[in-house]
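First comes the structure, then the notes that go with it.
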Amino acid sequence: TRSTRPQRLLKAVQKHATRGDPQSVISAIDHFCRHSEWAMNVGDEKGSILDSVVSELNPEKVLELGTYCGYSTVRIARLLPPGARLITLEFNADYAAIARQVIAWAGLEDKVQLVEGASEDWIPRMKEHFGIETFDFVFLDHWKDRYLPDTKLMEDCGLLRKGTVLLADNVICPGVPDYLEYVRNGLFYKSCYFKSHLEYTKAEDGLEKSVFLG
Ligand SMILES: Cc1ncnc2c1ncn2[C@@H]1O[C@H](/C=C/CNC(=O)c2cc(-c3ccc(F)cc3)cc(O)c2O)C[C@H]1O
Ligand SMILES: [Mg+2]
């Protein structure tokens, strides 16, 4: 049977990227998505904004919601200091299998824990299962109607501390209106918008950076 797009994306990484070189993995995926087949990675333009937020923060404990093929996982993990940890949640087994191989090709498996399952099932288990007190940085890039409920769930589970940074992809396209209203007009966050473009296109999109006020 015909291969899937994530399988073809992985093949492009294995063909064009150098094992153990995260930048070459990122470049191979961006080239594949720009010239062969569009895929819903955060991409190079928004990815540079993601890089600057992570580099400035130097987080020890990172959570990613929605691994997909592992593109943003690699972008984030390559910038983490030694000893820092990234937990990424993905409930689609096929995507998870591809992402594990992409992360391994980049040589970042020691910094990344890919957990197969739904965010609402795993967020309440972060403390007892992974020994996480609070997260320093959370990247939201999963189903858009899950951003707000999962943010409230992280608050309720005590996983956010004063200064925790949430960075949300796709706040314009496809859009997350309920989440935006909550972080911009609520009392618990200081929020700002980074205008950019939908990955590999000219359409507007952007990232919302929200700092938890505790
Ligand atoms: C609740 C939960 N738990 C664990 N994993 C979860 C989850 N919800 C989704 N996931 C996993 O994350 C991934 C889902 C990501 C959803 N992202 C999207 O739907 C998405 C869509 C677009 C887009 C824009 C314009 C268009 F015309 C078409 C598409 C662009 C993007 O950057 C996106 O992230 C894969 C899925 O299995
Ligand atoms: Mg996205």
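Count residues from 1 along the sequence. Indexing begins at 1, ligand by ligand and atom by atom, following the structure's order.
Ligand 1 has no nitrogen or oxygen under 3.5 angstrom from a nitrogen or oxygen of Y68. An N or O contact shorter than 3.5 Å is missing between W38 and ligand 1 by distance. Ligand 1 has no N or O atom lying under 3.5 Å from any N or O atom of T67, backbone or side chain. Any N or O atom pair closer than 3.5 Å counts here, and N41 shares no such pair with ligand 1. In terms of polar-atom proximity, E120 is not counted as a contact of ligand 1, lacking any N or O under 3.5 Å from an N or O of the ligand. Every N/O-N/O distance between C173 and ligand 1 stays at or above 3.5 Å.
Checked by atom type, the side-chain pair Y147/D178 shows no donor-acceptor distance below 3.5 Å. No donor-acceptor contact under 3.5 angstrom links the side chains of R184 and S191, judged on distance only. Side-chain polar atoms of E64 and S72 form a donor-acceptor pair below 3.5 angstrom.
Given atom 21 (C) of ligand 1, the protein heavy atom at minimum distance is P174 CG, 3.7 Å. What sits closest to atom 1 (C) of ligand 1 on the protein, heavy atoms only, is S119 OG, 3.1 Å. The single protein non-hydrogen atom nearest to atom 33 (C) of ligand 1 is N170 OD1, 3.3 Å, given as residue, atom name and distance. Ranking the protein heavy atoms by distance from atom 30 (C) of ligand 1 puts E199 OE2, 3.3 Å first. The protein atom (non-hydrogen) at minimum distance from atom 15 (C) of ligand 1 is D141 O, 3.4 Å. In terms of protein heavy-atom proximity, atom 5 (N) of ligand 1 is nearest to F91 N, 3.2 Å. In terms of protein heavy-atom proximity, atom 27 (F) of ligand 1 is closest to L198 CD2, 5.0 Å.
Closest non-hydrogen pair, I172 versus G206, comes out as CG1-N, 4.1 Å.
Residue contacts with ligand 1 include G117, since one of its heavy atoms falls under 4.0 Å from the ligand.
With respect to R100, the salt bridge (charged side-chain N to carboxylate O under 4.0 Å, His left out) criterion is satisfied by exactly one of E109, E90, E116: E116.
Within the 4.5 Å cutoff, no side-chain heavy atoms of L166 are placed close to those of K209.
Between F139 and F137, the ring planes lie parallel to each other; the angle is under 30°, not in the 30° to 60° tilted range.
Hydrophobic clustering places L148 together with F212 (ILVMFWY residues linked when any side-chain heavy atoms are closer than 4.5 Å, directly or through intermediates). Using a 4.5 Å cut-off between side-chain heavy atoms of Ile, Leu, Val, Met, Phe, Trp and Tyr, with links allowed through other members, L213 and V53 fall into different hydrophobic clusters.
Inclusion of N170 in the first shell of the Mg ion (ligand 2) is supported: an N, O or S atom falls under 2.8 Å.
In terms of modelled atom types and a separation under 3.5 Å, the side chain of R5 and the main chain of E37 share no donor-acceptor contact.
Among the heteroatoms counted here (N, O or S) of D169, OD2 is the one nearest to the Mg ion (ligand 2). D141 contributes atom OD1 as its closest N/O/S atom to the Mg ion (ligand 2).
Using a 4.0 Å cut-off between charged nitrogen and carboxylate oxygen, K195 and D205 do not count as a salt-bridge pair.
By the definition of a contact as any protein heavy atom under 4.0 Å away, atom 3 (N) of ligand 1 is in contact.
Here atom 36 (C) of ligand 1 lies nearest to E90 when heavy atoms of R146, E64, E90, K46 are compared. The heavy atom nearest to atom 9 (C) of ligand 1, out of those in Y95, Y147, W143, Y200, is found in W143.
Judged by a 6.0 Å distance limit and a 45° cone about the ring axis, K152 is positioned over the six-membered ring of Y182. A cation-pi contact, defined as under 6.0 Å to the ring centre and within 45° of the axis, links R125 to W122.
Near G66, meaning under 4.0 Å from any of its heavy atoms, are these atoms of ligand 1: 12 (O).
The proximity of D169 to ligand 1, defined as any non-hydrogen pair under 4.0 Å, is limited to the side chain.
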